[in-house]
Amino acid sequence: MARILITSALPYINGVKHLGNLAGSMLPADVYARFQRLQPGNEVLFICATDEHGTPAELAAAEAGQAVADYCREQHDIQKRVGEGFSLSFDWFGRSSNQPNRELTQHFGDVLEDRGLIEERTSRQVYSVDDKRFLPDRYVEGTCPVCGYEKARGDQCDNCGSLLDPVDLINPYSSVSGSRNVEIRDTRHLFLLQSKLQDRIRAWVDSRAAEWPQLTSSIAYKWLDEGLQDRSITRDLSWGVPVTRHGKPRPGFEEKVYYVWFDAPVEYIGSTVEWAEAKNENWERWWRTDKGAEDVSYVQFMGKDNVAFHTVSFPVTILGSEEPWKQVDRLKAFNWLNWYGGKFSTSQKRGVFMDTALELLPSDYWRWYLIANSPEGSDTAFTWESFQASINSDLANVLGNFVNRITKYAQSKFDGKVPAEGQAGEAEAWMVKELKTRLPQLQAHYEAMEFRKAAAETRAIWAAGNEYLTKAEPWVKYKTSVEQAAVGVRVGLNLAALFGIIAQPVIPDAAGKILDALGVPADKRMMGFGAATDYAGLLDALLHGLAITPPPVLFAKIEDTQVAEWTERFGGG
RNA sequence: GGUGGGGUAGCUCAGUUGGUUAGAGCGCAGGACUCAUAAUCCUGAGGUCGAGAGUUCAACUCUCUCUCCCACUACCA
């Protein structure tokens, strides 16, 4: 009996996420969670939340003319609904602004200070008098001291690529308001002394890196090799976790909060606490190795931009606390899903966003495409043409048509019942051999979190079903021997059920329709395939005489006219 | 600039420790079949594996140089 904790990188609160965000963490995490739930005996906890603090949230709220708390509550509800629309099966979708995260973050702040890992330092920051706020580097613009470009950002010049310090900009101004009434002010902040933990973090990475993909470990080692720098973990903002010491406002920090990157990963734990409070469950047996989490296997999913924070920064918080917190075991990172060679972009409205996607097509369509073309090995391009080709071929033609043809035939020739007659022969032996090699491979790909390969293998198994029907040709045999035709129909119906079972992680809605149509009971939908599996038995699992109902067409094809319309509307191509 | 990842059939991508004629899906051409959403099945065409050099009996695979693309580079998250 395995206990598996799964977290997806937390989507930021400032608006509905695009397909790239979905493909790069929430969706594969969901597919993996669904797969693991289908393994007999597994206990799975799948946690996510909105990441709500920070400057962008404040600015987005201001732009929307709302109080930031109201804005976040509204956006959280929207993201929650959209996630449900995509059948993301979070056990809990929390909020980093909720009380549990606040208390945990303050706890970590306290403990780290007790361990001598925090000190106050003064730093110089750009302050916008008119905006009444300190400005993060990228929100300060001005003339580049290197090349003279007039719209350089405070962190980097887009023209010459130089890395900049905002205090070096010539004629700086606020990109929030455009005001030039900005000045450099001293401000006190808490610094986390990451440099002191360099060796411990490296030792920890060494102990885990063998199980991480190359993308993950190379990013972690790069940071370690460059040397961990002490890092400010507080900000001059009002929206965030208040900085406290022993439960009371910290003197001098009344107007400051913890930096969003300090509190966001803590929300993995905080969201679990929210879940436990709501469901009357025990969160510590998932997170405290002294309270039952010792045997938990913890898997994180994220885009590559998040890897450093999960392999280095957050481990500093956890290891530095010297408390028995559960650490990540396996970490799956993704590259980017691109939009016609460029990037998806919220501000430029490039690409398709989750809410809009659901208006166009059912979630299964998107889920299948984004998993079958997952940006695992490198950045991957989304195009309408390949989306159309993939859906029409894989889902409509190979899977949908298979289910349709066999159920319709059973209905017209066998009274819509699973036939009992006939003996398995050569074609069935071939099919058993296919399943015997392919199902364990499918299983292995899922366990290795190789999602493209899992989708390809799933498709190959569906395709083998069509090949089987060509070999068995019940419609030909029916003319001479109804009994022989019955074998093909029985096996075909059982294959349809099996295809529904293996489809569940990726396309849960359609899989459910198939399994319902074939009357497969809930407890017969598990998919743990291995050496002990009775592969021949899979072809004769449905009860003889069981009434089946051909489901309505499972996947409508995507027409050329739709592609043309969407290309026009979304600016692809 | 530094670091990392890529450049393999028209397109999207696999290619394990270097080893016989480099693979898959889509697309394309031809054929078969008719139960089915003109779906399915079979066959075929198509690649000097970014360029050059080196190591080796043997290189898509290892080394070096060059070139192109992308990401990260710690105060956006």
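All values below come from the heavy atoms of this structure, side chains included, with hydrogens, waters and symmetry mates left out. Below, read A as the first sequence line, B as the second, and so on, with proteins coming before strands; counting in each chain starts at 1.
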Complement of [N], any strand, by Watson-Crick or G-U distances under 3.5 angstrom:
N     : answer
B:A38 : none
B:A74 : none
B:G23 : B:C13
B:G54 : B:C62
B:U48 : none

Using atom [atom1] in both nucleotides, what's the gap between [N] and [M] to the nearest angstrom?
N     : M     : atom1 : answer
B:A59 : B:A22 : P     : 13 Å
B:A51 : B:G27 : P     : 29 Å
B:G47 : B:U8  : C1'   : 8 Å
B:G7  : B:A14 : P     : 8 Å
B:C60 : B:C69 : P     : 26 Å
B:A74 : B:C64 : P     : 28 Å
B:G44 : B:U34 : C1'   : 23 Å
B:G52 : B:A9  : C1'   : 23 Å

Which one, [options], comes nearest to the side chain of [X]?
X        : options             : answer
A:Arg405 : B:C76, B:C75, B:C35 : B:C35
A:Trp223 : B:U73, B:U37, B:C26 : B:U73
A:Asn397 : B:A74, B:A39, B:A77 : B:A39
A:Asn404 : B:A36, B:U40, B:C75 : B:A36
A:Phe309 : B:A77, B:U37, B:U34 : B:A77
A:Val553 : B:A77, B:U37, B:A74 : B:U37
A:Glu467 : B:C33, B:A36, B:C41 : B:C41
A:Gln194 : B:A74, B:C41, B:U37 : B:A74

Roughly how many Å is it from [atom1] in [X] to [atom2] in [N], rounded to a whole number?
X        : N     : atom1 : atom2 : value
A:Lys256 : B:C75 : NZ    : P     : 16 Å
A:Leu190 : B:C75 : CG    : P     : 15 Å
A:Asp263 : B:A77 : CG    : P     : 10 Å
A:Phe334 : B:G6  : CZ    : C1'   : 18 Å
A:Glu450 : B:C13 : CD    : C1'   : 13 Å
A:Arg459 : B:U12 : CZ    : C1'   : 13 Å
A:Glu58  : B:C76 : CD    : P     : 15 Å
A:Ile558 : B:U37 : CD1   : C1'   : 14 Å

Using a strict 4.0 Å threshold on nitrogen-to-oxygen distance, state whether [X] and [Y] make a salt bridge.
X        : Y        : value
A:Asp225 : A:Arg202 : yes
A:Glu421 : A:Arg490 : no
A:Asp509 : A:Arg367 : no

Query - Flag side-chain contact, heavy atom, 4.5 Å: A:Phe93 against A:Pro11 - result: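 In contact.
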Between [X] and [N], is there a contact of a side-chain N or O with OP1 or OP2 at under 4.0 Å?
X        : N     : answer
A:Lys453 : B:G15 : yes
A:Lys304 : B:C70 : no
A:Ser393 : B:C26 : yes
A:Arg124 : B:C75 : no
A:Tyr221 : B:G4  : no
A:Asn401 : B:U40 : no

Scan [X] against the nucleic acid and name what it touches under 4.0 Å (heavy atoms): base, sugar-phosphate only, or nothing.
X        : answer
A:Asp225 : nothing
A:Gly227 : base
A:Leu228 : base
A:Arg235 : base
A:Gln229 : base
A:Phe402 : nothing
A:Leu135 : nothing
A:Ala389 : sugar-phosphate
A:Ser412 : nothing
A:Ala463 : sugar-phosphate

Closest non-hydrogen atom pair between [X] and [Y], with its separation:
X        : Y        : answer
A:His76  : A:Ile13  : N-CD1, 3.6 Å
A:Met302 : A:Ser25  : CA-CB, 3.8 Å
A:Arg231 : A:Ser313 : NH2-CB, 4.0 Å

Query raised in the report: Going by modelled atom types, is there a donor-acceptor pair between the base of B:C33 and the side chain of A:Glu473 at under 3.5 Å?
Result: no
Report task. Tell whether A:Trp336 reaches the base of B:A71 with its side chain through a donor-acceptor pair below 3.5 angstrom. Result ->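 Absent.
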Query raised in the report: Is there a donor-acceptor pair closer than 3.5 Å between any side-chain N or O of A:Lys17 and the backbone N or O of A:Tyr12?
Result: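 Looks like yes, one N/O pair under 3.5 Å.
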Query raised in the report: Within the stacking criterion (centroid distance below 5.5 Å, interplanar angle below 30°), does A:Tyr409 stack on B:C35?
Result: no
Query raised in the report: Just checking, any donor-acceptor pair under 3.5 angstrom between side chains of A:Thr561 and A:Glu559?
Result: no
Query raised in the report: When A:Ser238 is tested against each of A:Glu58, A:Glu255, A:Arg133, A:Lys256 for side-chain hydrogen bond (donor to acceptor under 3.5 Å, both in side chains), which residue passes?
Result: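 Checked A:Glu58, A:Glu255, A:Arg133, A:Lys256 against A:Ser238; only one passes side-chain hydrogen bond (donor to acceptor under 3.5 Å, both in side chains): A:Glu58.
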Query raised in the report: Start at the 5' end of RNA chain B and walk down; is the nucleotide closest to A:Ala556 or to A:Lys479 reached first?
Result: A:Lys479
